[in-house]
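Letters A, B, ... are given to chains in the order of the sequence lines, protein chains preceding strands, and every chain is numbered from 1.
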Amino acid sequence: MSTQQASADAIVDVRYRMRHSAAHVMAEAVIKLFPEAQIAIGPPTDDGFYYDFEVSRPFTPEDLKKIEKLMRETIKADRPFSGVSIDRDAALERFSEQKFKVELITDLPDDEEITVWSHQSWEDLCAGRHADSTGKIGAFKLLSVAGAYWRGDENREMLQRIYGTAWESQEELDAYLERIEEAERRDHRRLGRELDLFFFDPIAPASPFFLPKGTIVLNELVDYVKQLYVKYGYQEVTTPQIFNTDLWKQSGHYDNYLENMYMMDVDDREFGVKPMNCPAHAVLYAANTHSYRELPIRYADFGRLHRYERSGVTHGLMRVRTFSQDDAHIFATLDQIAQEVNSFIAMLDEAYAVLGFEKIRMALSLRPEKRVGTEEMWDRAEAALTEVMESTGREYGAEEGEGAFYGPKIDFFVPDALGREWQLGTVQLDFSLPERFDLQYAAEDGSLQRPVVIHRAMLGSLERFLGVLIEHTAGALPIWLSPVQATLIPIADRHIPFGEEVVQKLRAAGVRAEVDTGSDRMGAKIRAAQVQKIPYMLVVGDREQEAGKVAVRERSGGDLGAMDVDEFVTRVAEEINTRA
RNA sequence: GCCAACGUAGCUCAGGGGUAGAGCAGCUGUUUCGUAAACAGCAGGUCACAGGUUCAAAUCCUGUCGUUGGCUCCA
């Protein structure tokens, strides 16, 4: 282990202990104020801590202030932490008034050591790792109250969770709070409005309306994906939006996904709006006979999907009720799985590199308890995916039991501005769909064989992808995705005709450009363009007009000086075409 | 779906039982300006929706819808 790594781990450990200790001190304060409170658990988190309580009424902001005050007293008193091991009966006795602790103790395995950690004025059932004393807790702040189910089970008690954050020093705490504020400035919902990309209206809850500018971005993304599809051998198809429920019964969605579907009765028959493309692609495949020579067949579909999501789970563009994906289904032989997944990951890497996504987490999800298919199929499929993952030479997590019931999968996660992870890409093997739709191909020996289906999406939901992209770039999208790529800023009205000429040249070269003809001063026009994150601002005044040039300013603030109009047109068109 | 908070002009927000406010954006006029905000005027709201209390409700109460932060879910 490197020295650098060791010191990073040390910081993580110090923070873990400090935050874990802060949780204890907070519980002590809550019990002082609410003696009847039932306490649940209070662990440290990535940047803070929380503790769950069952109380007669929800906490108010005033309560948080009082709790903070009591916590400061305990921290100031600098009470030492110590842990002791006790036996089960003693533990049950000691926490007999605390039903959640009793439940925890009862559920601990027989050979598990039971410890109690105390900082003198308070003690808690706890596995430990604490600061030496309460004085080591540093700068902290209570952030919010939220409901949380006991043991994460929606059928159990709803508890009140208090979230807090704690850092070694006030400076660190301030820096953390500043990071949160910066993340809020990057919030895609806020930028989506400011940049005129999209908005939401209660008339269609959790369903975005894309304005012309937002639609340009989506279309550019799709155009790019289609370009990759040519290179990687995909065929685009177009399928219906609404299907008779016979399809959903055959695919299994009627039994397993009905609560997420929009259903309707027409002509005394029941129809469902598609939440996924796969059944339609199975119908497409089954419409013809297929030879092994044709495989793999890759059907791509940008069709719009609708999924009813429970109220309370939707979030801006990240989780919506209607969206489209760069979805495709690959019909292949078992032997082709590895190469197909490999090829998909190569394409995904290519796209993510172009889009500037670096922090990707990959997770391999393996067979769940409830599943279809034979053990041999699962063995082969998991082996194929594992082999592919290993061959990438990159880190990935293998998660037992997290696979879909129809096959194992690899998911690709990218964080948003606040560090919350969203699944974008996915590649999933499916043994169920080919069975349900009796899909076949003629093998080399003339026998009829069952293909495997690979579900895969690279960007995933285009809406979610755009949301993450906006947060990553703080709205300064790469030039090829920018709705307006260059804006002409005439210094006085007499320069507008020249500006229009330049814009015509830019547009002829495929550049999205416009003239700011308003009566604002140049400074205000520049500011407006900066706020809109337009990549290039082209100032034209007497000097430029006379010389047939434009004064080029980049949104980064860089001044490239005066350039010949043709030179700039060539340069910017090149930049756009290469997706630089 | 659950817990909580919030919903006032296009946006960001103030007001909090007695005739609806600001900034920005918009429109009009003046200004024609050299790299992040010229000046003036005008217009803009069933205070989410529906009930209730009251002489009087944006304000208090109830419900509904929506949004936000969590939880659960995420084939």
(message) Taking the ring of A/F59 and the ring of A/F34, is the distance between their centroids below 6.0 Å?
(response) yes
Of the nucleotides [options], which has the atom closest to the [X] side chain?
X      : options                : result
A/M522 : B/rU32, B/rG34, B/rG66 : B/rG34
A/V539 : B/rC71, B/rU32, B/rU35 : B/rU35
A/Y149 : B/rA38, B/rU12, B/rC2  : B/rC2

(request) Using heavy atoms to find the nearest nucleotide of RNA chain B for A/Y406 and A/D153 separately, return the residue whose nucleotide is more 5′. (result) A/D153
[X] near the nucleic acid: base, sugar-phosphate alone, or nothing, with a heavy-atom cut-off under 4.0 Å?
X      : answer
A/R420 : sugar-phosphate
A/R319 : base
A/A148 : sugar-phosphate

(request) Please confirm whether A/R179 makes a cation-pi placement over A/W167, using NZ or CZ under 6.0 Å from the six-membered ring centre and within 45° of the ring normal. (result) yes
(message) Does A/E36 form a salt bridge (charged side-chain N to carboxylate O under 4.0 Å, His left out) with A/R57? I'd like the steps, not just the answer.
(response) CA-CA 11 Å; A/E36 80 298 346; A/R57 63 164 176 84; over 6 Å; no
(request) Classify the angle between the aromatic ring planes of A/F100 and A/W150 as parallel (below 30°), tilted (30 to 60°) or perpendicular (above 60°). (result) tilted
(request) Could you check whether the rings of A/F209 and A/F199 sit parallel, tilted or perpendicular, using 30° and 60° as the cut-offs? (result) parallel
Extract from the structure each pairing of a protein N or O with an N or O of nucleotides 40-42 of chain B at less than 3.5 Å, listing the distance.
none

(message) Can you see if the side chain of A/H315 gets near the phosphate of B/rU67 - specifically, an N or O under 4.0 Å from OP1 or OP2?
(response) no
